[in-house]
Amino acid sequence: MNTMRSPSEAYRRVEFDARVSSAKPAELVLVCYEQLGGALGSAIAAAARGDNGRKSQSLTRAVSALTALQLGIDQRQSLAPALDQLYLAARRTVLDSVLDFDPAALAAVQRDMAEIAAALRG
C-alpha cells in the first residue's frame, strides 16, 4: 500500500507514527487537533483545485481526528458534555460537506479548533 503513496505522504505518516508512539496523553490531544486542522485545510485547498480524491481523503482524516478527540473525552470532567457537543457539531459540519461542500463552514471549524489547541498549548 505504501507504494501507492507519494513520498511526502509516506514521510508524513512515518513522522506522525513516531510522534504518536512517544506522546503523552496531553500531547496526543494536540496531535489530534493538528491533524484535524491540517485535514480541513487540505480539504478546502483540494476542493479549490477540483481534486475530489484528495478532498475526500482529507474529510475522512478530519472525521478520524474528531472521533479520536471524542473518544478521548474524560467523562468525569465538568467540560465533558460541552466538548462532546462541540465535536459532534464539528463532525456534522464535516459530514455535511461530503455532499454539499462548504469551505466557509469548514474554515470556521478549523479556526475554532486552532483556538482550542492554542489555549491548550498556552
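All values below were derived from every heavy atom in this structure, side-chain atoms included, with hydrogens, water molecules and symmetry-related copies excluded. If you read the sequence from its start, that first residue is 1, and numbering goes on from there.
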*Okay, side chain of S97, backbone of D102: is any donor-acceptor separation there less than 3.5 Å?*
yes
_Restricting to non-hydrogen atoms, name the atom on M113 and the atom on Y87 that form the minimum distance, rounded to 0.1 Å._
CE-CD2, 4.2 Å
*Which atoms form the tightest heavy-atom contact between Y33 and A117, and what is the distance?*
CB-CB, 3.8 Å
*asked:* Distance check, rounded to the nearest 0.5 Å: L40 atom CG versus L66 atom CG?
replied: 7.5 Å
_Smallest separation among heavy atoms of S42 and S58, with atom names_ = OG-OG, 2.7 Å
_Is there a side-chain contact between I73 and L79 in this structure, where contact means two heavy atoms from C-beta onward sitting under 4.5 Å apart?_
no
*Are I116 and L88 grouped together when hydrophobic residues (ILVMFWY) are joined by side-chain heavy atoms under 4.5 angstrom apart?*
no
*What pairs with D51 under side-chain contact (heavy atoms from CB on, under 4.5 Å), at least two apart in sequence or on another chain?*
A46, R49, R54
*Applying side-chain contact (heavy atoms from CB on, under 4.5 Å), name anything that partners P81, two or more places apart in sequence or on another chain.*
none
*Between the main-chain N or O of S56 and the side-chain N or O of T60, is there a donor-acceptor pair closer than 3.5 Å?*
yes
*Which atom pair, heavy atoms only, marks the closest approach of A47 to F101?*
CB-CE2, 3.3 Å
*Start with the C-alpha distance between L120 and L30, add both sets of side-chain angles, then the distance that settles side chain to side chain contact (heavy atoms under 4.5 Å, CB included), and finish with yes or no.*
CA-CA 8 Å; L120 289 173; L30 288 173; 3.9 Å; yes
*More than 12 heavy atoms from other groups under 6.0 Å of CG on D100*: no
_How close do C32 and A65 get, counting heavy atoms only, and between which atoms?_
O-CB, 3.7 Å
*asked:* side chain to side chain contact (heavy atoms under 4.5 Å, CB included), that's the test. Do I44 and Q110 meet it? Break it down for me.
replied: CA-CA 10 Å; I44 293 166; Q110 186 183 33; 4.3 Å; yes
*Within a reach of under 6.0 Å around CD of Q75, are more than 12 heavy atoms found that belong to other residues, nucleotides or ligands?*
yes
*Please report the C-alpha distance between L106 and L59 in whole Å, then the side-chain angles of each, then the deciding distance to 0.1 Å, and finally whether the side chain to side chain contact (heavy atoms under 4.5 Å, CB included) criterion is met.*
CA-CA 10 Å; L106 292 176; L59 291 174; 4.0 Å; yes
_Testing the basics here: between R91 and V63, what is the closest heavy-atom pair and its distance to 0.1 Å?_
NH1-CG1, 3.4 Å
